[in-house]
*Asks:* 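So that we are looking at the same thing, I have put the structure below in structure tokens.
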Amino acid sequence: MCMNDNEPIDELEQIEIELLLEALYRHYGVDFRNYVMSTIRRRIWHRMRAEHLKTVSGLQEKVLHDRRVFKRLSDDFSINVTELFRDPSFFRAFRRTVVPHLKGYPLIRIWHAGCSTGEEAYAMAILLHEEGLLAKTRIYATDMNEGVLEDAKQESFPLDRMESYARNYELAGGKKSLEEYISVTGGRAEFRPFLGERITFAQHNLAVDESFNEFHVILCRNVMIYFNTHLQTRVHELFHQSLSPSGFLGLGHRESITFTSFTDCYKEMEPNEKLYRKVK
Ligand SMILES: C[S@@+](CC[C@H](N)C(=O)[O-])C[C@H]1O[C@@H](n2cnc3c(N)ncnc32)[C@H](O)[C@@H]1O
């Protein structure tokens, strides 16, 4: 078996990877069968090297018989990079174009799907607080990965990120100073408790789980880039079902609803941001 992930995939390796993903699904109920193959392949090879294995079939045996190896592989598949006010222009646009509509709602439900360690949900809580909307908002933040949700529930982040997060906050149109929302304890920056009180973190897997509520806003940013077209369609169906009439959908900069079967169901809110409004 070749061990260089730049080489084109051969038929045998393709079969082994498909069997491994099927085994994960049937034995552990986690479904990576419709993730982008090149990413999955890179992560599998990373795990093979770390476990000193020569073949994907060898990895399959270990994963099926040793839950700890399964855990390590599924953590490899989950790419958790995030930031507070990541892509500040998106949050600036959200404040400018979505917030004025939300002001008329008696209550607001927001779903962050694929929230990682929670920074995106805390950013939303800060933004809504500054717009006087947080008290009537409930934020649901979900991810398939239990480990990142545990981190999210700590309501804090490493202090060395403070400077870049403060810069993002400012570029995102923040009205105060980020420090007003933070207290420093033991090398960590802790969010003020009133922010976390409006957020519920829960496990939800976009590949297998169903809709669990109706939302006025759904953000799913930098998650679907890892999904193939089949899984993207499933997730767009789920979001369309879960959005209230005239609800808002926000995607990552490298994601889009163009070329999906849902293009006609949304109107673009901002030309340079992936911010849409449901029209049917
Ligand atoms: C790169 S992070 C994006 C975090 C945040 N939305 C942002 O833009 O900063 C992608 C997250 O999607 C989650 N994810 C991947 N596949 C998922 C699935 N099938 N269901 C739910 N979450 C998933 C990963 O665990 C990871 O935390």
Side-chain angles (χ1 to χ4, degrees), residues 21 24-25 28-40 42-44 70-94 110-127 139-154 157-158 161 164-165 167-169 171-172 199-213 215 217-239 242 248-256 273-275:
L21 299 181
L24 287 176
Y25 177 59
Y28 292 110
V30 294
D31 193 354
F32 294 105
R33 294 173 302 172
N34 291 300
Y35 280 53
V36 172
M37 180 54 97
S38 55
T39 314
I40 284 289
R42 256 196 313 279
R43 306 317 289 165
I44 287 175
F70 157 68
K71 175 80 178 58
R72 291 199 285 269
L73 179 63
S74 54
D75 283 351
D76 290 336
F77 285 159
S78 147
I79 295 160
N80 306 125
V81 185
T82 190
E83 288 171 27
L84 195 71
F85 292 99
R86 180 181 193 175
D87 304 323
S89 61
F90 175 86
F91 286 92
R92 188 181 273 275
F94 187 92
I110 300 185
W111 179 16
H112 291 265
C115 67
S116 188
T117 43
E119 281 84 341
E120 188 182 88
Y122 287 105
M124 182 59 79
I126 291 171
L127 186 159
I139 296 173
Y140 298 83
T142 62
D143 202 284
M144 67 171 180
N145 181 331
E146 283 176 329
V148 293
L149 291 171
E150 282 313 308
D151 281 354
K153 289 177 195 166
Q154 301 303 310
F157 59 84
R161 298 194 192 151
S164 70
Y165 285 2
R167 201 165 41 243
N168 283 357
Y169 166 77
L171 292 170
I199 309 174
T200 304
F201 289 102
Q203 193 176 28
H204 181 280
N205 189 327
L206 294 164
V208 291
D209 293 329
E210 300 303 326
S211 174
F212 60 96
N213 210 329
F215 301 94
V217 178
I218 298 178
L219 295 198
C220 183
R221 310 195 65 241
N222 309 300
V223 180
M224 279 195 272
I225 29 167
Y226 302 110
F227 297 172
N228 70 14
T229 312
H230 176 79
L231 184 51
Q232 286 179 16
T233 304
R234 177 194 203 272
V235 176
H236 276 301
E237 252 162 40
L238 185 63
F239 290 163
S242 309
F248 299 92
L249 175 68
L251 304 177
H253 277 166
R254 289 190 285 150
E255 297 155 336
S256 172
E273 300 296 336
K274 301 298 165 55
L275 203 42

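All figures in this text were calculated on a predicted structure; none of them were measured in a lab. Start at 1 with the first residue, then count along the sequence. Just so you know, ligand 1 is whichever comes first in the structure, and atom 1 is the first atom listed for that ligand. Side chains included, hydrogens not; waters and symmetry mates left out as well; all remaining heavy atoms used.
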*Asks:* For the side-chain hydrogen bond (donor to acceptor under 3.5 Å, both in side chains) test, which of D75, D76, N80 pairs with S78?
*Replies:* N80
*Asks:* Please check whether V148 reaches ligand 1 - meaning an N/O of the residue sits under 3.5 Å from an N/O of the ligand, judged on distance alone.
*Replies:*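 No, there is no polar N/O contact under 3.5 Å.
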*Asks:* Of the protein's non-hydrogen atoms, which lies at the shortest distance from atom 20 (N) of ligand 1, and what is that distance?
*Replies:* L206 N, 2.9 Å
*Asks:* What residue and heavy atom of the protein are closest to atom 9 (O) of ligand 1, and at what distance?
*Replies:* T82 OG1, 2.6 Å
*Asks:* Among L251, T117, V30, V223, which one puts a heavy atom closest to atom 14 (N) of ligand 1?
*Replies:* V223
*Asks:* Under 4.0 Å from a heavy atom of S116: which atoms of ligand 1 are those, numbered in the order shown and with their elements?
*Replies:*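 Under 4.0 Å from S116, ligand 1 has these atoms: 4 (C), 27 (O).
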*Asks:* Can you give me every donor-acceptor pair (side chain of residues 201-208, partner residue at least two apart or in another chain, under 3.5 Å) with its distance?
*Replies:*
{"unit_1": "Q203", "atom_1": "NE2", "unit_2": "M144", "atom_2": "O", "d": "2.8"}
{"unit_1": "H204", "atom_1": "NE2", "unit_2": "E210", "atom_2": "O", "d": "2.8"}
{"unit_1": "N205", "atom_1": "OD1", "unit_2": "A207", "atom_2": "N", "d": "2.8"}

*Asks:* Is the shortest distance from a Lys or Arg side-chain nitrogen in E150 or K153 to a carboxylate oxygen in the other one below 4.0 Å?
*Replies:* yes
*Asks:* Would the distance check show the side chain of R43 and the main-chain N or O of F77 forming a donor-acceptor pair, the cut-off being under 3.5 Å?
*Replies:*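 Side chain of R43 to backbone of F77, a donor-acceptor pair under 3.5 Å: no, none is there.
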*Asks:* With side chains defined as the heavy atoms from C-beta onward, is the minimum distance between M224 and H236 less than 4.5 Å?
*Replies:*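 A side-chain contact under 4.5 Å exists here.
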*Asks:* Could you tell me the residue and atom name of the protein heavy atom closest to atom 7 (C) of ligand 1, and the distance to it rounded to 0.1 Å?
*Replies:*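 Nearest neighbour among protein heavy atoms for atom 7 (C) of ligand 1, to 0.1 Å: R86 NH1, 3.2 Å.
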*Asks:* Provide the closest heavy-atom pair for V223 versus E255 in the form atom of the first, atom of the second, distance.
*Replies:* N-OE2, 2.9 Å
*Asks:* With heavy atoms only and a cut-off of under 4.0 Å, state how H112 meets ligand 1: side chain, backbone, both or neither.
*Replies:* neither
*Asks:* Quick one: look at I79 and ligand 1, take heavy-atom pairs under 4.0 Å, and tell me if it's side chain, backbone, both or neither.
*Replies:* backbone
*Asks:* If you measure from each non-hydrogen atom of Y35 to ligand 1, which part falls under 4.0 Å: side chain, backbone, both or neither?
*Replies:* side chain
*Asks:* Within the structure provided, determine whether R221 and H253 are in side-chain contact (heavy-atom separation under 4.5 Å).
*Replies:*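 A side-chain contact exists here, since the closest heavy-atom pair is under 4.5 Å.
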*Asks:* Going by the order shown, which atoms of ligand 1 are within less than 4.0 Å of some heavy atom of E120?
*Replies:*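 Reading through ligand 1 atom by atom, the close ones are 5 (C), 6 (N), 7 (C), 8 (O).
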*Asks:* Between V81 and ligand 1, which part of the residue brings a heavy atom under 4.0 Å of the ligand: side chain, backbone, both or neither?
*Replies:* backbone
*Asks:* Between W111 and S242, does any side-chain donor sit less than 3.5 Å from a side-chain acceptor?
*Replies:*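 On atom types as modelled, these side chains do not qualify, holding no pair under 3.5 Å.
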*Asks:* Side chain or backbone of M144 under 4.0 Å from ligand 1, or both, or neither, by non-hydrogen atoms?
*Replies:* both
*Asks:* Side chains of E273 and S89 only: does a donor on one sit below 3.5 Å from an acceptor on the other?
*Replies:*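 Yes, a side-chain donor-acceptor pair sits under 3.5 Å.
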*Asks:* Geometry only, no angles: is Y226 polar-contacting ligand 1 at N/O separations under 3.5 Å?
*Replies:* no
*Asks:* Could you tell me, atom by atom, which parts of ligand 1 come under 4.0 Å of a heavy atom of G114?
*Replies:*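 Counting atoms of ligand 1 from 1, those under 4.0 Å from G114 are 3 (C), 4 (C), 5 (C), 6 (N), 11 (C), 12 (O), 22 (N).
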*Asks:* Pull out every atom of ligand 1 sitting under 4.0 Å from any heavy atom of R221, numbered as shown with elements.
*Replies:*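 Those of ligand 1 that fall under 4.0 Å from R221 are 3 (C), 5 (C), 6 (N), 7 (C), 8 (O).
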*Asks:* When you measure from the heavy atoms of A207 to every atom of ligand 1, does any distance fall below 4.0 Å?
*Replies:* yes
*Asks:* Using a strict cut-off of 4.0 Å, indicate which atoms of ligand 1 neighbour a heavy atom of N80.
*Replies:* 24 (C), 25 (O), 26 (C), 27 (O)
*Asks:* Ring centres under 6.0 Å, that's the criterion: do F157 and Y122 meet it?
*Replies:* no
*Asks:* List every atom of ligand 1 that sits less than 4.0 Å from any heavy atom of S78, numbering the atoms from 1 in the order shown and giving each element.
*Replies:*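 Atoms satisfying the 4.0 Å criterion: 24 (C), 25 (O).
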*Asks:* Taking only heavy atoms of H204 into account, list the atoms of ligand 1 that are under 4.0 Å away from them.
*Replies:*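 Ligand 1 atoms under the 4.0 Å threshold to H204: 20 (N), 21 (C).
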*Asks:* Can a side-chain donor-acceptor contact be found between S116 and T82 if the only test is distance below 3.5 angstrom?
*Replies:* no
*Asks:* Counting from 1, what ligand 1 atoms have a heavy atom of N205 closer than 4.0 Å?
*Replies:*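 Ligand 1 atoms under the 4.0 Å threshold to N205: 18 (C), 19 (N), 20 (N).
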*Asks:* Should Y35 and L21 count as side-chain neighbours, where that means a heavy-atom distance under 4.5 Å?
*Replies:*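 No, their side chains stay 4.5 Å or more apart.
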*Asks:* Just going by heavy-atom distances, which of N145, L231, D143 is nearest to atom 25 (O) of ligand 1?
*Replies:* D143
*Asks:* Give a yes or no on whether the ring-centroid distance for Y165 and F85 is below 6.0 angstrom.
*Replies:* no
*Asks:* Starting from atom 8 (O) of ligand 1, which protein heavy atom do you reach first, and at what distance in Å?
*Replies:*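 Checking every protein heavy atom, the shortest distance to atom 8 (O) of ligand 1 gives N222 ND2, 2.7 Å.
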